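For reference, the structure is listed below as structure tokens.
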Amino acid sequence: MHLIVAEKNISARRIAEILSDGKKLTEHKDAGVSTYSFGDITTVGLRGHVVEIDFEPGYTNWRSEESTPRSLIDAKTIKIPTERKIVSLLQKLSRKADRVTIATDFDTEGELIGKEAFELIRAVNPKVVIDRARFSAITPQELKSAFSHTTELDFALAAAGEARQSIDLMWGASLTRFISLAARRGGQNILSVGRVQTPTLTMIVDREKEIEAFVPEKYWQLFLETEKGGERVEARHTHGRFLDKAAAEQSRDRTKAPLMVTDVRVGEKQDRAPSPFDTTTYIVASARLGFSAAYAMRIAEDLYMNGFISYPRTDNTVYPPSLDIEGILRTIRNSLFRKDVDWITANRRSVPTRGKKSTTDHPPIHPTGAATWEMLGDDAFRIYELVLRRFLATLAPDARWKTLKILLDAGGEEYTVTGGQLVEPGWHAVYPFSEAQETILPPFTTGEQLPIKKVKLDEKETQPPARYTQSKLIQRMEELGLGTKSTRHEVIAKLVSRKYVEGSPLRPTLVGRVVTESLEQHADMITKPDMTQTIEAHMQQIKEAKRTREDVILESRQMLHRAFDQLEANETIIGEDIRGRTAEEMNLGKCPVCGGVLAIKHLRGNTQFIGCSRYPDCTFNIGLPMAQWGFAVRTDEICDKHHLNFVRLIRKGARPWDIGCPLCHHLASNKESLDEMPSMTGALAEKILSKHIYTVAELARSNPESLAKRLDIPEEKAQNLISEAGSVLEKLRRRSECRKFMRDHLIPRKGRSYAKILTALKTAGITELSGLAHADIALLKSAGIGEEEAAQVLSEAKTVYYGQVLKEIGIPAVSLKKYVSAGITSPEEFCIHPPEYLSQITGMSPSTVKRHVELVCTYLKMPVPKTYSKQQIERGRKELQAIKGIDKVTIEKLSRAGIINATQLLEADAVTIAAESGIMAHVIQDFQKAIRKKRENAIIEI
Ligand SMILES: [Zn+2]
Ligand SMILES: [Zn+2]
């Protein structure tokens, strides 16, 4: 079998579809992983990397004494499978294969993924022939040529990828750990530092500082409005910016009729057709259409996988001679863009445009297939159209503009108007995405006189430099050699998800800024691009086989050790600096009770809440959901009423949960429970809120005397409020207990929500365990619980609830356990069964059981069953044991029916006893006969 290994499932399928060329294609699924077979060939897709590099075991404990952050620099690394199912299928197929072709993406990352597959295959089949197919587009022509000219895997290229992985892991892990520990941050709150990430963040922070340090300067601009042929035309003073207001005013005052046209200069401008797309220019162009860098890349990858465009990760801006431009034009002619293609065919420039960078791996991004809107949907089609039109534009002639510069004079002051007209649209005819605009002026002639309609002096201010947009930042990263065409947009996305930067354009958050500044001060080599550039240069040397991977990693280790020398020497200062300055990012505003500072607090173990800086003098606090529902952060929005910052819970991969103003939220969530107090009125509610009492818990905890004073009400009324609050609190506790019970006892199942079941139960009036214990199965079923599960929930609820009641009645926990394990769960059972029976089945002494039975029956207001003394019981037992056929078990069964001696057994109704004891009626009748006979004999003996 010939096995073809593609980078992803979708490309495995496309490759199979194309190569099978009409042969029967079958899809197999093995543990959820698809393979595609035709003839002797099978294709399988990976999921990018199927193994991951990590430290060998022993480095997971952040606080370990031996494995310090620095120790990670020299830690050994291992490869762990991340996609076990794919790995095992790949190995299973490889055992049977006699040839394997690696057909992963054609770049460093793809070569590394290919090498990972190579190693997995070699591990199970050391002899199989493994070759490599390289292609830049998943199209019939490219694939057929690639598979008929396969080569070897490029181990040097893969080694460069591996070196990058190792270095990134080592830098990221050791520095992140060091800074987080120094700042005492853990869990979801860690401070990440990275080889590319940190210098990039530094650029954003530096720009922000430039903006802040910028002092705007005033300047003035002079404009004049005239009219020609009924059209208003604005001219500007040729002096440009006046920095001196008086001078500008003088020029304005001198501007007087007549206004004369002194010169008309006609010129021509060549407007070069744009060069082919590489990754960066593509991202910039798609940003103009409103796509973020990461989204634009995702769409481009999709289009590539489906054969519509070529590989989108490329640094090349020159079409290679081998690129079949006529073929591409023929292909895309079968689309909505036929007219444009035909125009290009008729008007083509002699050679396509070319950019500055020429590399040999991939051609510039170009279309490879014909697509329709229906096939792609809105966004993907817009991107497809952009790529297609850009390709056409690179084949189109340059455009030509006619430029016009009019000079005017009014009282010795010179003004000018400029215009531009596209005389030959050239590439603009097929590429409407450029910003160039025509300004068409009415005809002017030298010497003509015009009216002055208005003279206008504008006061303006110089503007600070602009913040980076994502695409500008990517361009800048490329210029500085930060990251690669494949990683730049991911680095930015990471900075956003780490809460280091926000907004569009990008600005640093407080924490982003603090971390950067602290590192800059104490270990600036981490924040500067130089070090990363050096490493990138080393990667290039590995690719060209001029240096080994080990050598480069070793050098990188030494660099990092030097950084740690600086960092460790300053650990305390760095930690205190970051902690001190970032505390502010959690502040929300003034405490409504005492005027202290209200802030979000994160404790260990996912607990988070809002508390006051004057704790313990001020105990005001607002509870928040546990951090696993989202890590609480402050947002920029501020409540109009309470002047507090809004709070938001953020969780990776989930929509943020907006809490809004924490105090509004607090009031709203406590209103319902306060309203449950019988004597709560609108006026009273307002009063207690104005005295900063927000919850029933606070009321319940109050002392009557001080509450009376605080609310200015009689102490008796205060006492009443406190006890009402206490009962509401108790009710709330029972409700939450019931909710927790349901959550603990219903197995999570797809398509079922607890919230829905809880709402249904609430509608049926069941909010507490007591209600649940007394509910019938039909009701639980109608709330959406299955029959079997309902029975189980019910029995569990009974056990738990009755356990609570019995405990409340005064049955000690140890005894309760014995009753429950003997099958006695409900309080009523204590008053139905004879105490002797309870004593027998639990093994507790009759006197203890008697005490329990009295307690329970008195509580339930049920009669206490008759009890006997120990001697009476012993005597009865002996009597019964003497009767033929009665053993220990039978005695226990009889006692359940209240029979403890022979006389009782003789006098009882056999059928009734049978029902209560579980002994068959005819057996009881036999016992009765035996007793009677024994007694008769005894009389005769007398
Ligand atoms: Zn306070
Ligand atoms: Zn509010």
Side-chain angles (χ1 to χ4, degrees), residues 189 499 502-503 509-510 579-604 607-627 629-651 655-677 680-713 718 721-722 725 728-729 732:
N189 210 6
K499 304 182 289 252
E502 60 190 8
T509 60
L510 177 67
R579 279 206 312 280
R581 292 182 54 199
T582 51
E584 197 192 309
E585 74 181 322
M586 292 299 161
N587 290 353
L588 300 174
K590 264 192 187 171
C591 168
V593 178
C594 73
V597 180
L598 219 51
I600 303 170
K601 313 270 178 189
H602 297 279
L603 303 185
R604 276 200 179 200
T607 302
Q608 50 186 6
F609 67 96
I610 293 164
C612 177
S613 58
R614 297 208 178 130
Y615 178 84
D617 292 333
C618 172
T619 56
F620 179 74
N621 68 84
I622 299 172
L624 288 172
M626 300 285 277
W629 300 106
F631 187 79
V633 295
R634 173 179 91 167
T635 76
D636 287 345
E637 222 169 324
I638 290 175
C639 175
D640 289 338
K641 198 167 164 198
H642 302 113
H643 310 291
L644 293 172
N645 280 83
F646 281 18
V647 173
R648 170 180 290 172
L649 304 185
I650 49 172
R651 186 156 57 107
R655 245 169 211 287
W657 173 3
D658 279 309
I659 300 274
C661 163
L663 190 51
C664 285
H665 169 80
H666 192 49
L667 293 174
S669 55
N670 283 291
K671 187 178 185 309
E672 205 178 326
S673 51
L674 281 170
D675 283 348
E676 284 202 33
M677 291 170 53
M680 186 55 64
T681 59
L684 180 60
E686 219 162 274
K687 195 169 188 181
I688 66 163
L689 291 182
S690 75
K691 299 291 175 192
H692 302 300
I693 300 173
Y694 299 99
T695 65
V696 278
E698 289 164 72
L699 270 181
R701 272 200 310 266
S702 301
N703 146 304
E705 199 184 334
S706 64
L707 185 65
K709 230 193 242 156
R710 203 159 157 195
L711 297 181
D712 193 20
I713 52 172
L721 282 180
I722 292 169
V728 171
L729 208 56
L732 294 177

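Whatever order the structure lists them in is the order used to number ligands and atoms, beginning at 1. Keep in mind it's a predicted model, so treat the numbers as computed, not measured.
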Does His665 bring an N, O or S atom to under 2.8 Å of the Zn ion (ligand 2)?
->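 Under 2.8 Å: His665 has no N, O or S contact with the Zn ion (ligand 2).
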
Got a sec: does the NZ of Lys590 have more than 12 other heavy atoms crowding it under 6.0 Å?
->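 No, not enclosed.
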
Polar side-chain atom of Gln608 near backbone of Gly630 as donor-acceptor pair, under 3.5 Å =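 Flag set: sc Gln608 to bb Gly630 pair under 3.5 Å.
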
Under 3.5 Å: donor-acceptor pair, side chain of Arg634, backbone of Glu584 =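 Indeed, once roles are kept as given, a pair shorter than 3.5 Å links the two residues.
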
Provide the atom name of the closest N, O or S atom of His642 relative to the Zn ion (ligand 2).
->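 Going through the N, O and S atoms of His642 one by one, ND1 ends up nearest to the Zn ion (ligand 2).
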
Taking the Zn ion (ligand 1) as the vertex, what is the angle from SG of Cys591 to SG of Cys594, given to 10 degrees?
->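 Vertex the Zn ion (ligand 1), arms to SG of Cys591 and SG of Cys594: 110°.
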
Which angle, to the nearest 10 degrees, do you find at the Zn ion (ligand 1) between SG in Cys612 and SG in Cys618?
->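 Seen from the Zn ion (ligand 1), SG and SG are separated by roughly 110°.
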
Take the Zn ion (ligand 2) as the vertex and measure to SG of Cys661 and SG of Cys664; round to 10°.
->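 It is 110°, given to the nearest 10°.
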
Assign the ring pair Tyr694 / His666 to parallel, tilted or perpendicular, where the plane angle (0 to 90°) is split at 30° and 60°.
->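 If you compare the ring of Tyr694 with that of His666, the planes turn out tilted.
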
Interatomic spacing from CZ in Phe646 to NE2 in His665 - rounded to 0.5 Å |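 Reported to 0.5 Å precision, the distance equals 12.5 Å.
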
